[in-house]
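For reference, the structure is listed below as structure tokens.
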Amino acid sequence: MQVFPIKSFRTNSNNKQMSFKGIVENNHYSEWALQNSQNWHKNSSVDRTVGSFHSNPTYKAYFAAPMEKVPDYIKETVDFVVYDNEPRYPDVNEEVSKNYFGTQRKNYKEDFEEIRQYYYRREMGGHADKTEAQYQQWQAAECVRLYDKAGDLRYKKETTEDEVKELERKIKQATDSDLPRNKGALEVERNLETRLNNNLNTLNQKNEKYGELSKIINEGADVSSYDEKYFISSQIENVKKNIDSTKKELKDCQARIKKLETYIASFPEWLNEMTAKIKTKQAAIEGFKAKLIPLFDELKNFYVKQGIKVIK
């Protein structure tokens, strides 16, 4: 993107040319594309000049300096004029206070810093009283300083608030999902235990029956009973294998039951512990808020002393 200065340049600490007055940028095809420019600011506004001051698109945009009166001859050569408007101070009572005493997470330092930077551009642009612009920079910088004084306490308050939210999330998850799921699983496992015990009893009865038959056959003298003897022996072997596998499955089932019962039985105590942690952290939050009161009052009183007006 080509950038053409309209007025004088200034040199920054890196010896790079910087224009603090109106500049023209090429290759701007839409209002949306303007917002990607380094010369676009949060309070910028756009005036579309193509179609009113000239007919054919030039694909150029003019970024005006703060308070600059853009002449028609410039509007006739660009498609957009972008104005660098004065940003407003956040309302200390209705907005900033929520960051100190509520749960709002907006960083108002960025707002104060944006104001300071705006007045710096205003000083450099040459369209405003230099002394006034410097004074306004000091005022915004003081707001940054006073806001930062409470930064550590706000961080602790917000961190503790996040911890409370996480504990509450865990309680809800356990109460609404984990506990009902474990109770359902326990019922399934107990039904399985009953079936396995019944199956084991049946297998033991078969094993006892085949044992008696085997004894009778082994005591018999008739050679024709050899085939029956082999059949009974194989059945006894199969039953014993089924008994062993059923016992193992039953043992595993009972282990799962014990684990589920332990979880369910310990749930009330766990819930009490979590609730106690939340109460402790909520008390800490209130303590942080109490310590924030004088720091907030400093910023609030500075607003009053300076006569800072909030534009709605």
Please tell me if the side chains of V96 and D91 come closer than 4.5 Å, counting only heavy atoms from C-beta onward.
no
Could you state the interatomic distance from NZ (K165) to CD1 (I278), rounded to the nearest 0.5 Å?
13.0 Å
Within the supplied structure, the quantity of interest is the number of heavy atoms (other residues, nucleotides, ligands) at a distance under 6.0 Å from E269 CD; does it exceed 12?
no
Is K258 salt-bridged to E193, going by a charged N under 4.0 Å from an acidic O?
no
How about CD on E261, more than 12 heavy atoms from neighbouring residues, nucleotides or ligands closer than 6.0 Å, or not?
yes
For the pair T49 (side chain) and V78 (backbone), establish whether a donor and an acceptor sit closer than 3.5 Å, ignoring hydrogens and angles.
yes
Y303 and P90 have their tightest heavy-atom pair at OH-O, 2.7 Å
Donor-acceptor pair, side chain of S55 and main chain of G51, under 3.5 angstrom:
no
Go through it in stages, so that I can follow the logic: the residues are Y59 and E25, the test is side chain to side chain donor-acceptor pair (under 3.5 Å), and I'd like the CA-CA distance, side-chain angles, deciding distance and then a yes or no.
CA-CA 9 Å; Y59 307 113; E25 290 184 358; over 6 Å; no
Dump the intermediate steps for side chain to side chain contact (heavy atoms under 4.5 Å, CB included) on K183 and L179, then the final yes or no.
CA-CA 6 Å; K183 285 182 176 180; L179 184 60; 3.9 Å; yes
Cationic N near anionic O, under 4.0 Å, E142 to R145
yes
Heavy-atom side-chain contact between V82 and W40 under 4.5 Å:
yes
Please evaluate residues C143 and F302 with respect to the criterion side chain to side chain contact (heavy atoms under 4.5 Å, CB included), reporting the C-alpha separation (whole Å), side-chain torsions for both, the decisive distance (0.1 Å), and the verdict.
CA-CA 8 Å; C143 287; F302 183 75; 3.8 Å; yes
In terms of side-chain heavy atoms, does Y120 have a donor or acceptor partner in R116 at a distance below 3.5 Å?
no
Residue K289 excluded, over 12 heavy atoms near NZ under 6.0 Å:
yes
Hey, are R154 and N99 close enough side-chain-wise for a donor-acceptor pair under 3.5 Å?
yes
Supply the atom-to-atom distance T194 OG1 to E189 CD, rounded to the nearest 0.5 angstrom.
11.0 Å
Side chain proximity check, D162 to R105, heavy atoms < 4.5 angstrom:
yes
Side-chain heavy-atom pair L186, Y263 within 4.5 angstrom cut-off
no
When you check the gap from the basic side-chain N to the acidic O, do D111 and K106 get nearer than 4.0 Å?
yes
Would you indicate whether the side-chain heavy atoms of E110 and K42 approach each other to under 4.5 Å?
yes
Donor-acceptor pair between E86 and N43 side chains, under 3.5 angstrom:
no
Closer than 3.5 angstrom, by distance alone: can the side chain of N191 be matched with the main-chain N or O of E187 as a donor-acceptor pair?
yes
Side chains of E161 and T103: is there a donor and an acceptor less than 3.5 Å apart?
no
Is the F296-F101 ring centre distance short of 6.0 angstrom?
yes
Pairwise side-chain contact, T246 with E249, heavy-atom cut-off 4.5 Å (strictly under)
no
d(I171 CD1, Q173 CD) to nearest 0.5 Å is 12.0 Å
Should D252 and R256 count as an ion pair when the cut-off is N to O under 4.0 Å?
no
If the threshold is 4.0 Å, N to carboxylate O, is there a salt bridge linking D79 and R48?
no
Quick one about E113 and Y108 (side-chain donor to acceptor, distance below 3.5 Å, no hydrogens or angles considered), yes or no?
no
Can you find a heavy atom in the side chain of P87 that is under 4.5 Å from one in the side chain of F112?
no
Could you go through the side chain to side chain contact (heavy atoms under 4.5 Å, CB included) check for Y100 and L299 one step at a time?
CA-CA 11 Å; Y100 282 70; L299 178 60; 3.9 Å; yes
Compute whether any side-chain donor of one residue and acceptor of the other, for Y62 and E68, lie under 3.5 angstrom apart.
yes
Do you see a donor-acceptor pair shorter than 3.5 Å between the side chains of Q137 and Q134?
no
Which is it for K60 and T77 under the side chain to side chain contact (heavy atoms under 4.5 Å, CB included) test, yes or no, and what are the steps along the way?
CA-CA 8 Å; K60 296 178 181 179; T77 61; 6.0 Å; no
Can you confirm whether the side chains of E286 and Q282 place a donor and an acceptor under 3.5 Å from each other?
no
Could you check whether D244 pairs with K240 (Lys NZ or Arg NE/NH1/NH2 to Asp/Glu carboxylate O, under 4.0 Å)?
no
Is there a side-chain contact between N301 and K305, using heavy atoms and a 4.5 Å cut-off?
no
Side-chain donor-acceptor pair present, E298, Y147, cut-off under 3.5 Å
no
